[in-house]
2 protein chains.
Amino acid sequence: MAQPDTKTRIISTAEELFALAGFHLTSLRTITTQAGVNLAAVNYHFGSKEALLEAVFDRHLIPLNDIRIKRLEGVAAQAKKSGRPPEVEGVLRCFTEPTLALLHRDSGTGYFRMLVGRSLSDPDQTVRQLFLGRVSGVLELLLDLLCQALPHRSRESVSLKLNFALGAMSHTLIFQGQGGLLGGVDKGKSIDEVIEMLTNFIVKGMEG
Amino acid sequence: MAQPDTKTRIISTAEELFALAGFHLTSLRTITTQAGVNLAAVNYHFGSKEALLEAVFDRHLIPLNDIRIKRLEGVAAQAKKSGRPPEVEGVLRCFTEPTLALLHRDSGTGYFRMLVGRSLSDPDQTVRQLFLGRVSGVLELLLDLLCQALPHRSRESVSLKLNFALGAMSHTLIFQGQGGLLGGVDKGKSIDEVIEMLTNFIVKGMEG
DNA sequence: GCACCTTTCAAACACTTGTTTAAATTATTG
DNA sequence: CAATAATTTAAACAAGTGTTTGAAAGGTGC
């Protein structure tokens, strides 16, 4: 089978290493060696290490955001047409389902899943900002719809609860599939069960 | 006012910088300069940078764990005496309340709060392991009690939900007090309100 | 064939990192 | 006070970092 081209090989290797060891702890020499390319290839094809991280984010995050936005806009249009506020669960699923789909192994996003999970709380400001800049738009749309779905709650309360939900989500993206925090969690649970349980957890917490 | 001794000054400065910029992105030179001590002081007093991180963790984490364990054991004893399983909310509060108390500004743990919030999902394996090794005992005790409180749920399910709850908690520790993810969250909420809302969120999600 | 553009390569660049050393200073103890 | 121990200091160390350079190699079109 033909090897992917240099650029793709670098992105894939970087994605894996960034997810496992973090952005700053992963050196360009480690990436290029594992990818089987020359050290200078990163700066030639991407310009800098930071630009490489952006490319890693964009490869899967742009399609993911497209899906999330389309679904959210669908729910918004539906609500407008019917004249009734959308349901909390329906709104949340627009966001959780495409995101948690990253947990599926066959989607080829195993390492990207971990990277996303960690990025929001990454101690490195560069990583945080690059990531947040790519999701804040979706999050604001999500927040707007949640406020419609919970008209008796203040925007501050809804925003706070959304933060709780995002924390539960990103934590799950990191640890699910590698045994959970305490180990042995995902023995008896299929990925779809995990997705359903997390969605239910968030919906209950949001509505309660 | 007399300055704290060298060791304490290093720990406090390191705590702040580790929380803000992460363990590996914070150099010993930055720490020692800001602390007003000589570069070699870290290796003299602690032995290594990693040992310094351990000292930072231990200063607040040991007392915190003592409180959490005492409260959990209290609930366990109470349940045994009464012959009835403990309540979910009571068990969870043993853990959440002392932990979220880190959010209070007057406790002098402002930066430690962020450090704790990030440590579980830190991309640096060293940070993760040092932290996890200090909390796994409490987490297992917590899981045991939660299983008693939810006898009709499998241990896997309870463990999974506990992971959701921990994600929401650590996320809150990071972002609360600095505007939340999308900004402007903590305008209208007191810290005690936040603690109550998070506890309620977790309890509802756990029971549901 | 030649010329042109893209890509690869080894080497070096300037810089930062954690750690160590040995001398100088301060504190403590007999 | 003298002597011993504890601490602080400036300097150097070896190793690793992202990036740049200029030459070599490969591909494409005329």
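Every chain is numbered from 1, with letters handed out A, B, ... down the list of sequences. Please read all numbers here as calculations on a predicted model, not as lab measurements.
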Exercise. Whenever both distances are under 3.5 Å in a Watson-Crick or G-U wobble pair, mark it; put DNA chain C into dot-bracket that way, with [ ] for crossing pairs and | when the partner is on another strand.
Key: |..|||||||||||||||||||||||||||

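Taking the six-membered ring where tryptophan is involved, the planes of A:F131 and A:F57 are tilted, since the angle between them lies from 30° to 60°.
Atoms CD and CE, from A:Q176 and A:M114 in turn, are 12.5 Å apart once rounded to the nearest 0.5 Å. Rounded to the nearest 0.5 angstrom, A:T126 OG1 and B:L25 CG are separated by 7.5 Å.
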Nucleotide N/O of nucleotides 7-10 of chain C paired with protein N/O under 3.5 Å:
unit_1, atom_1, unit_2, atom_2, d
C:dT7, OP2, A:Y44, OH, 3.0
C:dT8, OP1, A:T6, OG1, 2.5
C:dT8, OP2, A:H45, NE2, 2.8

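Taking the 5' to 3' direction, DNA chain D first and last meets chain B under 4.0 angstrom from a heavy atom at D:dA6 to D:dA12.
No more than 12 heavy-atom neighbours from other residues, nucleotides or ligands sit within 6.0 angstrom of CD on A:Q125.
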Practice problem: Might you work through the side chain to side chain contact (heavy atoms under 4.5 Å, CB included) test for B:T96 and B:I195, ending with a clear yes or no? | Solution: CA-CA 8 Å; B:T96 58; B:I195 295 177; 5.9 Å; no

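Between A:E15 and A:R59, the closest side-chain pair of non-hydrogen atoms falls below 4.5 Å. Side-chain contact check for A:E87 versus A:V75: every heavy-atom pair is 4.5 Å or farther apart.
The separation between B:K49 atom NZ and C:dT16 atom C1' is 11 Å, rounded to whole Å. The distance between atom CZ of B:F46 and atom C1' of C:dG18, rounded to the nearest whole Å, is 15 Å. Protein atom CG of B:N43 is 14 Å distant from nucleotide atom P of C:dT17, rounded to whole Å. Regarding A:L28, its CG atom lies at a distance of 15 Å from the C1' atom of C:dT16, rounded to whole Å.
Put simply, B:S27 has no side-chain N or O that comes within less than 4.0 Å of OP1 or OP2 on C:dT16.
Salt-bridge annotation for A:K161 and A:E156: absent, with no side-chain N of the basic residue lying under 4.0 Å from a carboxylate O of the acidic one. Checked for salt-bridge contact, B:E54 and B:R134 meet the test: a charged N lies under 4.0 Å from a carboxylate O.
Residues A:V42 and B:R29 each lie close to DNA chain D; by heavy-atom proximity, the contact nearer the 5' end of the strand is made by B:R29.
Among all heavy-atom pairs drawn from A:R153 and A:G208, the shortest one is NH2-O, 3.4 Å.
Annotation: cation-pi pair B:K49/B:F23 present, NZ/CZ under 6.0 Å from the ring centroid and within 45° of its normal.
Across all strands shown, A:T26 has heavy atoms under 4.0 Å from sugar-phosphate atoms exclusively, and none from any base.
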